[in-house]
Each structure stands twice: as structure tokens, then as C-alpha cells.
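See below for the structure under consideration.
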Amino acid sequence: MESTGAEVWTGKNRLEHMSLPLPQPGPGALLLQVTANGICGTDMHFLSREPAAPLVLGHEIVGRIIGFGPGHERHDADGIPLTEGDRIALFPWLPCGQCWGCQRFGPGATTCTDAFVYGIPPEAIGLDPLAPAGLGTGPTLTGGFGRHVDVRQGTYLWRVPDAVPDTVASLLDPLAVAVRTVDVTRTPTGTWDEVLTPDSTAVVLGLGAVGLLSAIVLRQTGVGTVVASGARPARLAAARAVGVDVVLDIHRQDAAARRAAVLDITRGRGADLVIDATNSSAALAEAMRLVRRLGTVVEVGNIVPDGTHVRVDPARDVCQRNLRLLGVSFNPPRSYSQGMALLARHDLPFERLITRSRRFADADAALRDLAGDVVKIVLTES
């Protein structure tokens with residue numbers, strides 16, 4: 001059997017280059033040669049721990065089709081025909097279709113309790129862990145830190161338009177998160193708690209990829225004023241480049257000053273919508289202090305438990321203010337279709353979010369990059 005290379009998570013803060021078997025695609029499956037994989041902040045969370053079993057990380061996957069398994073339908077999730085050599089981006093969740101969540105909400109709702117997820121340790125998202133090392137068959141090609149991915153039957157995927165570079169296409173997964181984050185705030189037109197309007201103010205906390213992409217999506221929905229806060233000069237500059245109206249530097253303005261700035265912009269009312277896209281639990285408490293009565297807070301930045309807690313007064317912070325508090329961790333395939341439509345546009349500055357690309361063999365260096373002044377690091381072929 002042929003083999004291929006992969007960077008495998010084998011221990012705390014440790015990746016090892018391994019040679020793994022290159023399978024023939026099974027019925028309804030396909031084999032993908034990975035051309036780009038964006039590194040997500042959650043990858044860093046995973047790496048800081050010991051794996052339950054060696055695993056190929058990476059879920060922001062773009063690649064070139066090099067073979068179809070027998071019976072593959074040869075079209076993407078939007079019905080676009082596929083041929084060998086086409087580039088595609090993956091929906092990392094593969095739901096079982098049989099559990100209560102799939103039966104009740106549909107197999108694309110990411111409520112599955114028995115799902116397979118590309119490039120993510122299942123125990124980190126509430127699923128059963130992989131078998132410990134020595135009891136299973138070893139790591140397989142299930143993540144974008146490998147040069148190939150064995151794409152299983154039933155995986156949702158989208159053809160990448162020819163004009164979209166691989167690095168930009170790798171933004172599809174975090175962009176879909178941003179799309180879903182904004183979509184969940186929608187209410188019937190004219191309701192008191194409507195927040196996506198030309199006269200509304202939205203605040204984004206955190207200027208990583210999801211925060212910046214959320215700002216882009218908010219602008220596309222017609223939100224009148226977008227405010228964002230974060231650190232690192234490159235991220236602050238990127239926020240200005242993607243059209244954020246007011247950029248707050250958390251190193252120059254403390255929480256009280258940031259709240260005063262938002263109250264000044266909103267004539268003392270508070271923001272209509274606040275999105276917490278940080279990975280700091282404390283930011284959720286800040287979000288609740290920034291939003292107006294009948295406003296909406298979306299928590300999307302804290303999806304990996306870290307043992308910290310936030311003190312909330314249910315009466316004062318939620319009920320008396322008629323607050324909507326929404327949680328988002330994953331997103332349905334429809335969000336990916338919307339995201340790909342946005343990526344295909346030429347008037348949106350997605351390239352501005354790509355700080356650097358590195359070769360797959362330099363994955364360790366790419367992970368070190370993330371500790372510096374960067375927005376998005378992408379692993380590529382060359």
C-alpha cells in the first residue's frame with residue numbers, strides 16, 4: 001500500500017511526522033490531497049493537552065480530489081458537478097443520521113451525539129474518546145495536518161471557485177461559524193429585540209479569525225455601526241481594513257473605558273448586539289455589561305472547557321434586562337453554502353486576514369507563529 005505524510009499529535013505540545021497508509025477511497029468516499037489547512041485557536045487548546053490517542057489534527061480543510069470511490073455522487077452540497085482535480089472544502093462534521101438529535105433536528109444540525117469529526121478529538125466536544133494508543137489501529141488520515149484526507153461517505157463538501165486561492169478557501173469553516181453567529185440573532189422584522197438593522201450597533205469582542213469574519217458578516221447584513229475590541233497590532237489593523245467603524249485596543253482601554261466608549265456611541269443605551277469571539281470566559285461578563293435592554297449576546301469564543309467560570313446575577317443581568325443570551329459552537333451545512341458565496345465575491349478583503357502560510361512540514365513553526373502578532377496562519381503545499 002502507498003503511504004503519505006502527516007503531522008500527528010502524539011503528546012502535549014508535540015507533533016511527530018509520520019508515514020501513514022494511503023487508502024483507496026471506499027464506496028461513496030473520495031481521496032483528497034490537502035492543499036491548505038487553516039490553523040484554528042482550538043487546535044492550540046488541543047495541543048496543550050495529552051491526546052487520548054495519536055490524532056491528525058486540522059479541520060479547516062481544502063484539497064484537490066485525486067480519486068472517487070465507487071458510487072460517489074460526484075457533486076457538492078450545492079449540486080455543482082465534481083471531477084478529479086477539483087478543489088473542495090469540507091464540512092468537518094459527519095453526523096450519524098440515526099440518533100435523537102439527527103432525527104429531531106436533521107443530520108446537518110450538529111446536534112449529533114455519535115458524530116465523526118475531521119481533525120478534532122471527539123472527547124473535546126462531548127463525544128466518546130478514541131481508543132487509547134495500542135488498542136486501536138493507530139492514527140489515520142482524518143485531519144488537515146496530513147497531506148491527504150480520507151473523505152468518508154456522506155461528508156458535506158463544496159467546490160472551491162477557480163478564482164478563490166487555497167488560503168482564502170481555508171477560511172470557509174471559521175466564516176461559516178461567523179455566518180451562523182449572526183444568523184442566530186435574526187428575529188421577525190419589527191420586533192423589539194431586532195438587532196440586525198441599519199440603525200443598530202454591534203460589538204465584537206476578540207479579533208481572531210471568527211471575530212473579524214463576524215465583523216465582515218455583520219457589515220453584509222446591513223448593521224449600521226460595528227465596534228470591535230482586541231489586542232495585537234496586526235489584528236487591530238485587520239479590523240480597520242475589513243471596515244470596523246470603531247476599534248478598541250484592550251491594552252490601551254480597560255473594561256470601564258471600553259464600556260464608556262460603547263455607551264457614548266449608543267447615546268447611553270448600550271449595544272444592540274454583542275458577540276464574544278474571544279477565548280476568555282471573562283469576556284462574556286463584559287459582553288453582558290455592554291448590551292442594551294432587550295439586546296442580544298452571542299457566546300461563540302469559548303467552546304473548549306477550561307475550568308473557569310463567570311459570575312452572573314440572573315435577575316439583574318438577564319431577566320430584568322430581557323436579555324437574549326445565545327450559544328454557538330458549531331454550524332449547519334447551510335452556513336457553509338452562505339460562506340462559500342461570500343468567499344467567491346471579489347469586493348470583500350478576506351486576503352487581509354491571512355498573515356502567513358507555511359509548508360505542512362513546518363507545522364511546528366506555524367503553531368509558534370500563533371503566539372505572535374498574527375491573524376491567521378495557514379498550512380499549504382508550498
side-chain contact (heavy atoms from CB on, under 4.5 Å) between E351 and V168, worked out: CA-CA 6 Å; E351 293 90 346; V168 171; 3.8 Å; yes
Residue pairs fulfilling salt bridge (charged side-chain N to carboxylate O under 4.0 Å, His left out) with at least one residue in residues 47-62, sequence neighbours excluded: E60-K376
Contacts of type side-chain hydrogen bond (donor to acceptor under 3.5 Å, both in side chains), residue T278, not counting sequence neighbours: D276
[atom1]-[atom2] distance between [X] and [Y], expressed to the nearest 0.5 angstrom:
{"X": "E2", "Y": "L20", "atom1": "CD", "atom2": "CG", "answer": "13.5 Å"}
{"X": "C99", "Y": "D114", "atom1": "SG", "atom2": "CG", "answer": "7.0 Å"}
{"X": "R292", "Y": "D193", "atom1": "CZ", "atom2": "CG", "answer": "7.5 Å"}
{"X": "R87", "Y": "Q33", "atom1": "CZ", "atom2": "CD", "answer": "12.5 Å"}

Listed once per pair and sorted, the ring pair (Phe, Tyr, Trp, His ring centres under 6.0 Å) pairs that draw on residues 15-47, sequence neighbours left out: none
Pair R159 + D86, salt bridge at N-O below 4.0 Å: yes
Ionic contact status for R186 with D183, cut-off 4.0 Å: yes
Can [Y] be reached from [X] by stepping across I, L, V, M, F, W or Y side chains whose heavy atoms are under 4.5 Å apart?
{"X": "L171", "Y": "V244", "answer": "yes"}
{"X": "I265", "Y": "L294", "answer": "no"}
{"X": "V149", "Y": "W158", "answer": "yes"}

Under 3.5 Å side-chain donor-acceptor pair for T225 and D245: no
Any side-chain donor near an acceptor of the partner, S19 and S3, under 3.5 Å: yes
Shortest non-hydrogen contact from [X] to [Y]?
{"X": "P174", "Y": "A209", "value": "CB-CB, 4.4 Å"}
{"X": "D313", "Y": "R316", "value": "OD1-N, 3.2 Å"}
{"X": "E7", "Y": "L15", "value": "O-CD2, 4.3 Å"}
{"X": "A234", "Y": "D373", "value": "N-OD1, 2.8 Å"}
{"X": "L379", "Y": "A363", "value": "CD2-CA, 4.0 Å"}

E16, CD atom: more than 12 neighbouring heavy atoms under 6.0 Å: yes
CZ/R232: more than 12 non-hydrogen atoms of other groups inside 6.0 Å: yes
Full working for side-chain contact (heavy atoms from CB on, under 4.5 Å) between Y156 and W93: CA-CA 8 Å; Y156 293 90; W93 277 76; over 6 Å; no
Worked verdict on V203 versus L248 for side-chain contact (heavy atoms from CB on, under 4.5 Å): CA-CA 10 Å; V203 177; L248 305 175; over 6 Å; no
Under 3.5 Å: donor-acceptor pair, side chain of D254, backbone of A256: yes
side-chain contact (heavy atoms from CB on, under 4.5 Å) evaluation trace for V217 with Q220: CA-CA 5 Å; V217 175; Q220 296 310 301; 5.5 Å; no
